[in-house]
Amino acid sequence: MRNLFAFIWKHNFFFLFLLLEILSLYLIFAHNRYQQTVFVNVTGKFSGAVLKSYHYFTSYIYLKDANEKLAIENAWLREHIHPAFLKSDSKQFVLNDTLYRLHYQYINAEVISNTTSFRDNYLLLNKGSKQGIRNHMAVIAEQAIVGQVIAVSDNFSWVMSVLHKDSKISAKFQKNNQLVNVEWTGGSYRKGEVREIPKHVQVKAGDTIVTSGNSNIFPGGIIIGQISDFVDNKAENFNSATLMFTIDYNRLAYVQVVIDLMREEKENLMNQKLPGEK
Amino acid sequence: MLILKNTVRFVFLILLQVLILNRIHFLGYINPYLYIYFLLMLPFATPRWLLLILAFFLGLGVDIFSNTPGMHAAASLAVAFIRPYLIKRISPAEEFDPRARPSIVINGLRWFITYSLILITIHHLLLFYIEIFRFSEFFQTFFRAVLSIVFTMILILISEHLLYRKK
């Protein structure tokens, strides 16, 4: 420190000049509008360029943070826009099916997500247990089969489509009530397979296949599709046929969930012990 | 005596500059800046720090009246800073009388013109470029500065002549 002062004292002329000159320049830039503007412009350009390149580098470092913040904000915003609110019209209509003396209720639901391209396809509906949907309920659209409910949450339900390897629907010919099974073997989502057609049944292209009503899941008489291709296979005990689904599953938008009001009664009856059974 | 004389010069030159010379506008825009003559005339023995202080207040005095804070002060300071080195450089080896001031009589016309012309040029160029503060009018500014330098130089020679005659 002493050395510093000694140095300054030794060169006092220069330092005094420097001090006074700086003071003058300060006066110039502080009190002359034009010089001030130029000064600010030039220094602004310089500092701007430096800060810009600094920001250019640091922005990469903070990119992750920024993205997270944006994602959170987006989620918050989405919660507040119109489609975020669940449109729950709890309309239910009752179909009094006099022919089978069964009492079905239908719940309209919207398909939120739907696939047709996988081996196992599922649908997500915008209604759940709060709207009365329970597990194992049938799902239909335009009076044709869609699938069955396999999982339910408060406001959503998860539907196993007919286009699923575990989907095996008990069906029958509409013309003569011959029981068959309908499966989906994968591939085109428009085509299913009708199995276990008894040999004596005359099959023609255009025959309509409907649900049998034998299972507790699907009511009887729901259209599945029409036979499109039939080959009489001499080597097998049963014939098979190709079936064209009535519905284009790829453009499902609204479906109905079927409530079978007598299902519990049926199940209780079937679970009853028969006389003499231990 | 020396101090009084210089104080009078100091005040007189500032007043002359701001009251008369700043309003000449010869040919529309050429002003002489004769106040710098005060710095040129200070005795050889003036302490260098005093030179700087005086130059600063001289310039500031002109600035205050011409509403250009700092410009004349900055230019004058440069003159005061260079003056000792310049004198050392252009003067012959022998020592001057410390109480004497640079003048035609003592140093000769040629020396005096060299001495004042260099300092005036430095002062005027600085002053003009600080005032304009842009390079786009570089040669225009330079031309104006040169005209003012000539003007100031002539005035200084006339003053020097008058003072010399008075003695």
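Quick note on labels: first sequence line is chain A, next is B, and so on, each numbered from 1.
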Please name the pair of heavy atoms, one in [X] and one in [Y], separated by the smallest distance, quoted to 0.1 Å.
| X | Y | value |
| --- | --- | --- |
| A74(B) | I28(A) | CB-CD1, 4.1 Å |
| L52(B) | F17(A) | CD1-N, 3.3 Å |
| F13(A) | A80(B) | CZ-O, 3.8 Å |

Taking the side chain as every heavy atom from C-beta outward, state whether L16(A) and I53(B) have any atom pair closer than 4.5 Å.
->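 Yes, their side chains come closer than 4.5 Å.
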
Does atom [atom1] of [X] have more than 12 heavy-atom neighbours from other groups under 6.0 Å away?
| X | atom1 | answer |
| --- | --- | --- |
| L63(A) | CG | yes |
| F65(B) | CZ | no |
| F138(B) | CZ | yes |
| F5(A) | CZ | no |

Considering only heavy atoms, which portion of Y26(A) lies under 4.5 Å from any heavy atom of chain B: side chain, backbone, both, or neither?
-> neither

Working to the nearest 0.5 angstrom, can you tell me the gap between [X] [atom1] and [Y] [atom2]?
| X | Y | atom1 | atom2 | answer |
| --- | --- | --- | --- | --- |
| L25(A) | M71(B) | CG | CE | 11.0 Å |
| L27(A) | F56(B) | CG | CZ | 5.5 Å |
| L20(A) | L60(B) | CG | CG | 10.0 Å |

Of the backbone (N, CA, C, O) and the side chain (C-beta and beyond), which part of P47(B) lies under 4.5 Å from a heavy atom of chain A, both, or neither?
->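 For P47(B), neither part sits under 4.5 Å from chain A.
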
